[in-house]
Amino acid sequence: MNRWEKAQINEKDFWKIRRKLRPLIRPEYSSYIKLIKKYILMNKNTKILEVCSGPQTLVEQMNGKLYGLDPLMDYFLSTYKMNDKVNWKQGIGESLPYKNSFF
C-alpha cells in the first residue's frame, strides 16, 4: 500500500469520528466565512470551489454556484447526507475535473 492509499484510509477514519461530533459546522468556520466575504464580492452567479472539502465544508455556508471536490467524494456521498446546494465531485486539486477557465 502506498502513501496515498494510507492517507485515504486515515481520512475516512477521521470522518467516521468527526461526523459524530456536534456541531457539524465547526465554530471557527464563521470567522473564516466573514473574512472571505469581507474581501470577495459574491453573488448568485459567483462560482466557488472548495478543494478537499470533505463532508463538512466551508463552501456550504457561501452564496453562489457552489462546488466541492475531494478524492473521497464518492465515499462521502454514499455514506453521509450531503448538502444538495453544492455540486459535489470526486477528484484531486492537482488535476481539476473542470474545463479550463471554468472558475
Side-chain angles (χ1 to χ4, degrees):
M1 180 179 308
N2 66 35
R3 193 171 163 206
W4 172 259
E5 292 166 331
K6 288 179 187 177
Q8 299 311 297
I9 290 169
N10 289 336
E11 185 75 7
K12 283 181 187 178
D13 290 343
F14 169 82
W15 283 109
K16 286 176 187 173
I17 295 166
R18 178 70 194 146
R19 286 292 289 209
K20 292 177 185 175
L21 302 176
R22 296 286 184 246
L24 285 180
I25 301 305
R26 295 166 54 177
E28 64 269 24
Y29 281 10
S30 62
S31 303
Y32 300 153
I33 292 165
K34 284 179 188 174
L35 184 65
I36 290 167
K37 288 181 177 180
K38 180 178 177 180
Y39 293 101
I40 300 173
L41 179 63
M42 290 182 265
N43 62 49
K44 66 179 182 173
N45 294 315
T46 304
K47 293 178 185 172
I48 302 169
L49 171 65
E50 183 175 6
V51 177
C52 294
S53 59
Q56 183 179 9
T57 71
L58 280 170
V59 74
E60 292 177 281
Q61 307 303 308
M62 305 290 183
N63 297 317
K65 296 178 181 178
L66 309 175
Y67 299 82
L69 180 72
D70 197 283
L72 294 172
M73 190 52 69
D74 289 346
Y75 165 75
F76 296 143
L77 289 169
S78 68
T79 306
Y80 304 112
K81 171 81 172 103
M82 302 291 283
N83 191 322
D84 291 338
K85 75 177 191 176
V86 179
N87 297 293
W88 304 109
K89 192 172 269 200
Q90 182 155 318
I92 58 174
E94 293 84 359
S95 180
L96 296 176
Y98 303 98
K99 291 181 182 180
N100 286 344
S101 301
F102 184 77
F103 294 99

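We count residues from 1, following the sequence as given.
Follow the hydrophobic side-chain contacts under 4.5 Å out from Leu58 and you reach Leu66 in the same cluster. Linking Ile, Leu, Val, Met, Phe, Trp and Tyr residues whenever their side-chain heavy atoms come within less than 4.5 Å leaves Ile36 and Leu49 in two separate clusters. Tyr67 and Ile33 sit in two unconnected hydrophobic clusters of ILVMFWY residues. Membership requires side-chain heavy atoms under 4.5 Å apart, directly or through other members. By the rule that hydrophobic residues join a cluster once side-chain heavy atoms approach within less than 4.5 Å of another member, Trp88 and Trp15 end up as members of one cluster. Follow the hydrophobic side-chain contacts under 4.5 Å out from Val59 and you reach Leu77 in the same cluster.
Remark: Lys89 NZ to Met73 CE distance equals 11.5 Å, nearest 0.5 Å. Distance check, rounded to the nearest 0.5 Å: CG of Asn63 to CG of Asn45 gives 12.0 Å. In this structure, Gln61 CD and Lys34 NZ are separated by 12.5 Å, a value rounded to the nearest 0.5 Å.
Sequence neighbours left out, the pairs with a member in residues 1-13 that pass salt bridge (charged side-chain N to carboxylate O under 4.0 Å, His left out) are Asp13-Lys16.
Residues that satisfy the side-chain hydrogen bond (donor to acceptor under 3.5 Å, both in side chains) test with Glu50, not counting sequence neighbours, are absent from this structure. For Thr46, the side chain to side chain contact (heavy atoms under 4.5 Å, CB included) partners two or more places apart in sequence, or in a different chain, are Met42, Asn43, Ile48.
Here the closest non-hydrogen pair linking Phe76 and Gly54 is CE1-CA, 3.5 Å. Pairing each heavy atom of Tyr75 with each of Thr79, the nearest pair is O-OG1, 2.8 Å.
Residues Met1 make up the rest of the hydrophobic cluster containing Ile9, defined by ILVMFWY side-chain heavy atoms closer than 4.5 Å, directly or through other members.
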Show which side-chain atoms of residues 90-103 pair as donor or acceptor with protein atoms under 3.5 Å away, not counting sequence neighbours.
unit_1	atom_1	unit_2	atom_2	d
Gln90	OE1	Asp74	N	2.7
Gln90	NE2	Pro71	O	3.2

